[in-house]
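Atom set for the values below is all heavy atoms of this structure, side chains included, hydrogens, waters and symmetry mates excluded. These numbers come from a predicted model, not from an experiment.
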Amino acid sequence: MNAPTPFKQHLIDPEICIRCYTCEMTCPIGAIEHNDDNVVVDADKCNFCMDCIPVCPTGSIDEWRVVPDRDQAYSLEDQYEWLELPEQAPIEAAPGAEEGDIDDAVAALLAEAHKGAGGKARPPVSAVKPQVNMYNLGKPAEMTVQGNYPLTDDAGHDVHHIILDPGALPFPVLEGQSVGIIAPGTDAEGKAHLPRLYSVSSPRDGERPGYHNISLTVKREEGGIASNYLCDLEKGATVRVTGPFGATFLMPNDPEARLLMICTGTGSAPMRAFTMQRQRAGGGRTGGMTMFFGARTPGSLPYFGPLKKVPDSLLRQHLVFSRLEGQPKEYVQDRILAERAEVADVLSDDKTHIYICGLKGMEDGVDSALTEVANDMGQDWITLRDRMREEGRYHVETY
Ligand code: A2P
């Protein structure tokens, strides 16, 4: 009989996963599947190609455990049952093997992990513990459309603010969490549509205070099943909703925490929720919030009007436009550099939390800009970023 060989198994953290199924759709060999509850990786199929790692908006896909032997990998059934990921179990040395050798082998296997999403996402230390996965594919919450309002006046860029009422159903959400929307009907293969994920743009006590209704910020995508369904919804219609999802992209409850929010387009949804929550939490002093928000034009920037009414003392706003007539294209990363002294001041504060939400393409640009800002401070951005992530102060959700 062969001696057992420790095996690194690819897994998904069910607590952090927002059930967007992007990994499943991306996996070239069908190694990822789901049931009503969880999305899971088949150890017999996964070939570690890593294609699924960069597409995951939360980093929940970047999880690994070493098991004593390939035969002892967690099964699909095991993974479907999980509410949270099991801790790494100690691996016992095989008879005759040195204990230290096994520790080194496990450490080496695990060290290879976390290359993709850049490390384990953690919630802010002071964040409220969120509820997750209360409603799933098999048992979605039915919500009533209370309102559906266009937010932009740009024909080619239709963004809607949609308010959903769970009625008597408990549906507790925290700012930064997402919900799934199940469009009616079936796909070309006759299968029910998978839910499409949207960040909640309302604060915890509801779009209307005390009503626990939720709002979504939805951009109509050409050919998009869920976005067209949502943007066309009439008041009074019923919508099937899964979730809530997400346990790390949350705001600190500590009012003194400082927030640096960097977003594009509908990536502003959680930032709206954070801002409203701070506004509602009462006029007391807060650590302050600074936002870099990129859009094509003022007319295509969601919530442009309401944002103008938010006082500078609560939210420092840098609205950045890429398609202003007669003006050079400007992206959020350009403005971060233009305002490097202000950003350095924010970065140097141990109470600062960074939130990045929107187009995946902006991540590299923002990283480069923050590298330069950190250089000005005599610091290495990657070291600082990794420390902030470790401390639950660096949060990214891009798609
Ligand atoms: P553009 O498309 O003009 O190049 P929306 O989703 O509403 O279109 O907004 C996205 C905004 O983000 C646009 O202004 C878009 O500019 C901009 N954008 C596109 N690519 C990047 C990138 N790599 N980094 C930062 N911003 C980007």
Side-chain angles (χ1 to χ4, degrees), residues 18 20 57-58 127-128 130-132 141 143-152 157-166 171-181 195-221 224 226-227 229-231 233 235 239 241-246 248-251 259 261-281 289 291-295 300-310 314-315 317 319 355-359 395-399:
I18 57 173
C20 65
T58 64
V128 169
Q131 300 276 342
V132 290
M143 296 200 190
T144 309
V145 178
Q146 279 186 322
N148 182 354
Y149 309 97
L151 285 176
T152 53
H157 190 265
D158 189 18
V159 182
H160 283 238
H161 180 68
I162 297 166
I163 305 170
L164 300 175
D165 176 16
F171 202 92
V173 279
L174 289 174
E175 309 78 18
Q177 285 193 290
S178 305
V179 298
I181 299 291
R196 176 81 170 77
L197 258 284
Y198 293 92
S199 268
V200 170
S201 54
S202 48
R204 62 192 68 180
D205 66 339
E207 174 69 10
R208 182 169 171 198
Y211 278 75
H212 296 280
N213 47 2
I214 60 170
S215 70
L216 308 178
T217 314
V218 181
K219 178 173 157 192
R220 192 189 290 278
E221 304 284 352
S227 70
Y229 162 66
L230 282 167
C231 288
L233 278 171
K235 199 172 165 184
V239 179
V241 184
T242 60
F245 300 119
T248 61
F249 196 103
L250 301 171
M251 69 184 292
L259 272 50
M261 308 184 288
I262 303 166
C263 61
T264 58
T266 52
S268 57
M271 315 311 186
R272 176 184 187 263
F274 293 169
T275 307
M276 287 176 77
Q277 172 59 18
R278 279 233 160 147
Q279 251 174 332
R280 285 199 192 158
M289 310 166 87
M291 179 166 73
F292 289 85
F293 185 172
S300 73
L301 185 136
Y303 309 109
F304 186 75
L307 266 175
K308 293 274 116 203
K309 296 193 191 127
V310 180
L314 182 80
L315 177 71
Q317 298 179 37
L319 307 184
Y355 297 86
I356 301 174
C357 188
L359 291 177
H395 313 274
V396 181
E397 209 159 280
T398 56
Y399 38 81

Problem set entry | Residue pair Val239 / Leu233, side-chain heavy-atom distance below 4.5 Å | yes
Problem set entry | Any donor-acceptor pair under 3.5 Å from Glu175 side chain to Arg204 backbone | yes
For this session: Using a 4.5 Å cut-off on heavy atoms from C-beta on, say whether the side chain of Phe171 contacts that of Val241.
Result: yes
Problem set entry | Distance, nearest 0.5 Å, that separates CE of Met251 from CG of Leu259 | 6.0 Å
For this session: Ignoring hydrogens and angles, tell me if any N or O in the side chain of Thr398 forms a donor-acceptor pair with the backbone of Leu359 under 3.5 Å.
Result: no
Problem set entry | 4.5 Å side-chain heavy-atom contact, Pro244 and Pro130 | no
Exercise. Just how far is it from atom OG of Ser202 to atom CG of Leu216, taken to the nearest 0.5 Å?
Worked result: 7.5 Å
Problem set entry | Candidate pair Met143 and Asp165, rule side chain to side chain contact (heavy atoms under 4.5 Å, CB included), full reasoning | CA-CA 5 Å; Met143 296 200 190; Asp165 176 16; 5.8 Å; no
For this session: Give a yes or no answer on whether the side chain of Thr264 reaches the backbone of Gly358 with a donor-acceptor pair at less than 3.5 Å.
Result: no
For this session: Describe, in one word, how the ring planes of His395 and Phe249 are oriented to each other, choosing from parallel (under 30°), tilted (30 to 60°) and perpendicular (over 60°).
Result: perpendicular
Exercise. When you check the side-chain N and O atoms of Tyr303 and Thr217, is any donor under 3.5 Å from an acceptor?
Worked result: yes
Exercise. Considering all heavy atoms of both residues, which atom of Val132 and which atom of Gly246 are nearest to each other, and what is their separation?
Worked result: CG1-O, 3.7 Å
For this session: Can you see which heavy atom on Ile181 is nearest to which on Tyr198, and at what distance?
Result: CG1-CD1, 3.8 Å
Exercise. Going by heavy atoms in the side chains, are Pro166 and Ile214 under 4.5 Å from each other?
Worked result: no
For this session: Let me see the working for Leu319 and Phe304 under side chain to side chain contact (heavy atoms under 4.5 Å, CB included), right down to the final yes or no.
Result: CA-CA 9 Å; Leu319 307 184; Phe304 186 75; 3.6 Å; yes
Exercise. Under the 3.5 angstrom rule, does the side chain of Ser201 hit a backbone N or O of Ser215 as a donor-acceptor pair?
Worked result: yes
Problem set entry | Heavy-atom closest contact (Gly180 atom, Leu197 atom, distance) | CA-CD2, 4.2 Å
Seminar exercise, completed: Smallest heavy-atom separation, Phe274 atom then Met261 atom, equals CD1-SD, 3.9 Å
Exercise. Minimum heavy-atom separation for Pro302 to Leu307, with atom names?
Worked result: O-CD1, 4.4 Å
Problem set entry | Approximate separation, where rounding is to 0.5 Å, of Ile262 CD1 and Ser268 OG | 14.0 Å
Exercise. Would you call Glu207-Arg272 a salt bridge at under 4.0 Å N-O?
Worked result: yes
Seminar exercise, completed: CZ (Arg280) and OG1 (Thr275) are apart, to the nearest 0.5 Å, by 12.0 Å
For this session: Provide the closest heavy-atom pair for Ser178 versus Glu397 in the form atom of the first, atom of the second, distance.
Result: OG-OE2, 3.7 Å
Exercise. Taking the side chain as C-beta and beyond, is there a heavy-atom pair between Val310 and Gln317 under 4.5 Å?
Worked result: yes
For this session: Check whether any side-chain heavy atom of Gln146 sits under 4.5 Å from a side-chain heavy atom of Lys235, and report yes or no.
Result: no
Seminar exercise, completed: Here the gap from Arg208 atom CZ to Ile163 atom CD1, rounded to the nearest 0.5 Å, amounts to 10.5 Å
For this session: Salt-bridge test for Asp158 and Lys219: reply yes if a basic N is under 4.0 Å from a carboxylate O, no otherwise.
Result: no
For this session: Taking the side chain as every heavy atom from C-beta outward, state whether Leu230 and His160 have any pair of such atoms under 4.5 Å apart.
Result: no
Exercise. Are Val159 and Thr266 close enough that some pair of their side-chain heavy atoms sits under 4.5 Å apart?
Worked result: yes
Exercise. Roughly how far, to the nearest 0.5 Å, is the CG atom of Leu314 from the CE atom of Met276?
Worked result: 11.5 Å
For this session: Could you tell me whether the side chain of Asn148 and the main chain of Cys231 form a donor-acceptor pair under 3.5 Å?
Result: yes
